[in-house]
Amino acid sequence: MPRTRPALPATGPVRLGPDSRAALRPAAVGIDTGFWQARRASNAHVSIPQGPALLEAAGNLHNLRLAAGTAVGEFQGAYPFVDTDVYKWLEAAAWQLAQASDGDLASDADPASDADPASDADPASEADPAPDGDPAPDADLAAEVGRIVALVAGAQQPDGYLNTWFQLVKGGERYKDLRWGHELYCAGHLIQAAVAHHRATGSGELLDVARKFADHVDSVFGPPGSGKPIDGIDGHPEVETALIELYRETGERRYLDLAAYFVDRYGHGLLGGEAYCQDRVPLREATNVEGHAVRQLYLLAAAADLATETGDAELRTAAERLWHAMTTTKTHLTGGLGAHHEEEDFGDPYELPNERAYCETCAAIASIQWSWRMALLTGEARYSDLIERTLFNGFLAGVSLDGERWLYVNPLQVRDGHTDSGGDQSARRTRWFRCACCPPNVMRLLASLEHYLASSDDNGLQIHQYVSGRYASDLAVIRSETDYPWQGTIALTVEETPAEPWTLSLRIPQWCREFRVRCGQETYEGPVADGWLRLERTWSPGDQVVLELSLEPRLTAADPRVDAVRGCVAIERGPLVYCLEGVDHPSGGLDDIVVDTTRPLAVKHRPDLLGGVTTVVAAGSRRHLPEAGWWPYAPADESPDSPQQDGEPVELTAVPYYAWANREDGSMRVWLPTS
């Protein structure tokens with residue numbers, strides 16, 4: 001007999017409060033095969049397990065022992081926020097441990113997908129050591145988590161304060177450098193790790209540490225007239241989202257109120273009035289995103305959370321306005337954010353450079369976190385459109401296919417003859433960073449990815465992102481089989497359902513020109529007005545829905561105000577942005593390449609390449625370049641004309657952008673000149 005499922009516990013990074021004003025609630029998803037399972041397996045079996053050794057080598061764990069009085073020596077690390085590398089790793093490990101309790105959603109699944117029987121695609125990654133199912137946690141990981149949680153607890157001071165930099169380097173001085181000190185930023189990541197640990201394991205050990213720190217912060221910070229000694233904010237927003245999640249976990253309203261206080265004090269000159277740290281204009285009055293990209297996005301994620309929990313219409317309107325301004329004027333094709341290496345910040349509207357694009361991996365993660373909160377708050381599909389683009393491109397490029405090396409910045413071009421200076425801003429993948437914020441940030445998002453894929457409401461289930469596995473809400477369970485993004489067919493089967501009607505909503509991606517849905521004897525074709533195709537009916541177990549998204553490769557042009565790519569096009573297929581790499585064009589570099597837009601694009605799957613990818617093949621040529629003189633400029637009427645048909649023909653092989661820099665160092669470009 002069909003039955004209504006009992007309410008599922010929300011164990012992910014966002015768990016809405018009982019009085020939430022959100023349109024949607026996070027739903028449970030089990031990923032068992034396919035593209036994202038391979039990436040998560042690499043995260044589970046390579047990236048996360050290597051974390052403790054890397055944190056040991058960098059000195060992060062040594063600092064905790066020093067603060068606890070169980071070791072001797074000097075503080076190690078260049079920054080006051082090195083503790084957060086530990087906290088983000090703990091959060092990642094906690095979500096990995098949570099896979100055990102969520103594993104029933106992915107169990108007894110047939111690992112072979114028959115969504116597209118004609119497909120010969122093999123998306124399995126060479127870095128995937130686990131053949132089927134979500135990666136299972138092991139006792140070694142649990143033991144490492146327990147060991148490091150004990151280190152954190154031992155370093156905490158009796159009144160709840162915890163920051164090894166200030167305890168060891170600054171002689172215990174507190175909150176004297178809110179502009180650069182990152183004390184509340186560190187507190188935020190500790191709180192998020194503690195909430196994850198509590199939700200994943202049921203243990204309150206780290207949560208007790210976090211609550212003690214949060215209570216200390218609440219006793220110190222407050223508005224004028226509150227009787228608290230400091231009216232101040234942190235130069236790096238982060239604690240705000242953490243406090244809201246701590247409120248959701250504990251029911252303590254004062255944590256929500258403290259977060260609201262912090263959000264509304266930005267823009268009032270408490271940090272000198274700089275845009276860099278979101279202090280130039282109050283968020284409610286802002287008209288565009290500015291300053292340090294990650295700081296701006298973390299603050300906006302908190303604004304979305306506050307609007308969700310309090311019903312603050314003005315805050316919601318501001319968040320919607322700023323998201324729109326960001327996507328229309330300051331977002332790269334990959335979903336990457338941040339135009340400037342200097343201060344890691346947004347540039348002016350339409351200032352979107354290629355080789356100097358910053359696009360910090362952490363900014364991509366912050367964008368996903370903010371957009372997910374906006375998707376839940378509003379129910380609008382456009383936020384999940386940006387999540388998909390960012391996940392597959394701007395975010396995923398940040399980690400190598402083997403899970404061992406990282407990119408802090410994600411440029412859209414590396415020129416022929418590029419000389420890399422190394423360091424955190426290198427265009428080459430790096431084992432670890434001096435400022436190691438990005439690697440554990442990637443780990444925690446991949447480990448919790450299933451919580452960003454689907455939602456539910458009182459009327460049904462909404463599928464935001466397409467994976468192979470099971471989607472479950474209070475109402476129903478849907479089995480999904482797909483080779484997405486290599487193939488555009490998603491086969492959905494109803495496994496559990498009530499006897500009453502409900503609505504299955506499928507997001508039709510913004511990039512998709514054509515689609516078809518087969519549901520029983522009925523067929524639906526586009527377009528859809530708001531990005532959602534809604535199928536309302538009384539379902540029965542075994543009912544099938546097949547969504548077919550056209551994955552024809554396409555050429556994309558930018559808004560003409562983006563000077564950096566005027567006269568260029570980019571190659572896309574489905575949610576993937578493509579790029580050329582020098583290694584695939586050994587007869588010369590990429591700087592003289594011209595793409596022929598009059599010739600059709602071809603698709604070729606390469607199971608032997610980069611863990612198994614679908615490439616796009618285009619026609620092009622190499623420009624006839626003038627003899628190099630001492631001056632590279634000439635009068636326009638004397639400039640040599642180099643139409644593409646007069647150049648040397650060359651076949652162009654484009655690979656997914658997320659997979660670049662996994663073979664050898666060399667040139668790369670996303671945007672291709674047309675003449």
Within the distance-only criterion (no hydrogens, no angle test), does the side chain of [X] pair as donor or acceptor with the backbone N or O of [Y] below 3.5 angstrom?
X	Y	answer
Arg15	Pro13	no
Tyr471	Val467	yes
Gln465	Tyr452	no
Gln167	Ala155	yes
Thr310	Leu306	yes
Glu240	Glu238	yes
Asp234	Leu184	yes
Thr33	Ser468	no
Arg470	Val477	no
Arg295	Gly235	yes

Let me see the working for Cys362 and Phe395 under side chain to side chain contact (heavy atoms under 4.5 Å, CB included), right down to the final yes or no. CA-CA 8 Å; Cys362 281; Phe395 161 73; over 6 Å; no
Classify the angle between the aromatic ring planes of [X] and [Y] as parallel (below 30°), tilted (30 to 60°) or perpendicular (above 60°).
X	Y	value
Trp532	His464	perpendicular
Tyr298	His236	tilted
His216	Phe213	tilted
Tyr175	Tyr161	perpendicular
Phe392	Tyr484	perpendicular

Min side-chain heavy-atom separation [X]-[Y] under 4.5 Å:
X	Y	value
Asp543	Leu492	no
Ser505	Leu461	no
Ser455	Arg25	no
Val149	Val209	no
Glu360	Cys437	yes
Leu151	Arg65	yes

From [atom1] ([X]) to [atom2] ([Y]), nearest 0.5 Å:
X	Y	atom1	atom2	result
Trp502	Leu475	CH2	CG	7.0 Å
Leu376	Gln462	CG	CD	9.5 Å
Phe433	Tyr408	CZ	OH	8.5 Å
Leu178	Ile230	CG	CD1	6.5 Å
Thr164	Phe81	OG1	CZ	12.0 Å
Leu61	Ile148	CG	CD1	5.0 Å

Are [X] and [Y] ion-paired here, with the side-chain N under 4.0 Å from a carboxylate O?
X	Y	value
Arg21	Glu309	no
Arg40	Asp32	no
Arg507	Glu380	no
Glu495	Arg479	no
Glu91	Lys88	no
Asp215	Arg211	no

[X] versus [Y], closest heavy-atom pair with distance:
X	Y	result
Ala22	Leu16	CB-CD1, 3.6 Å
Ser47	Met443	O-CE, 3.5 Å
Ala193	Leu90	CB-CB, 4.2 Å

Should Ser371 and Trp323 be marked as a side-chain hydrogen bond (donor to acceptor under 3.5 Å, both in side chains) after you check the CA-CA gap, both sets of side-chain angles, and the distance that decides it? CA-CA 8 Å; Ser371 288; Trp323 189 92; 3.0 Å; yes
Quick one, Arg444 with Gln96, criterion side-chain hydrogen bond (donor to acceptor under 3.5 Å, both in side chains). Give me CA distance, side-chain angles, the key distance, then yes/no. CA-CA 8 Å; Arg444 69 177 182 141; Gln96 194 57 51; over 6 Å; no
Test side chain to side chain contact (heavy atoms under 4.5 Å, CB included) on Asp457 and Thr503 and set out the steps. CA-CA 10 Å; Asp457 59 15; Thr503 301; over 6 Å; no
Lys170, NZ atom: more than 12 neighbouring heavy atoms under 6.0 Å: no
Taking the six-membered ring for Trp, are the ring centroids of [X] and [Y] within less than 6.0 Å of each other?
X	Y	answer
Phe75	Trp165	yes
Tyr658	Phe35	yes
Tyr261	Phe221	no
Trp372	Tyr383	no
Trp95	His197	no

Check whether the side chains of [X] and [Y] place a donor and an acceptor atom closer than 3.5 Å, and report yes or no.
X	Y	value
Thr241	Asp305	no
His198	Glu249	yes
Asn63	Gln76	no

Under the side chain to side chain contact (heavy atoms under 4.5 Å, CB included) rule, what do Ile191 and Tyr255 come out as? Steps first, then yes or no, please. CA-CA 11 Å; Ile191 292 168; Tyr255 298 139; over 6 Å; no
Does the side chain to side chain contact (heavy atoms under 4.5 Å, CB included) test come out yes or no for Leu386 and Ile368, once each step is laid out? CA-CA 8 Å; Leu386 181 59; Ile368 291 165; over 6 Å; no
As a quick check of understanding, evaluate salt bridge (Lys or Arg N to Asp or Glu O under 4.0 Å) for Asp159 and Arg174, giving each step before the final call. CA-CA 12 Å; Asp159 66 351; Arg174 302 178 183 180; 2.6 Å; yes
Salt bridge (Lys or Arg N to Asp or Glu O under 4.0 Å) evaluation trace for Asp385 with Arg389: CA-CA 6 Å; Asp385 284 329; Arg389 176 171 295 276; over 6 Å; no
Hey, mind stepping through Glu144 and Arg147 against salt bridge (Lys or Arg N to Asp or Glu O under 4.0 Å) and telling me if it holds? CA-CA 5 Å; Glu144 285 285 54; Arg147 178 177 72 90; 2.8 Å; yes
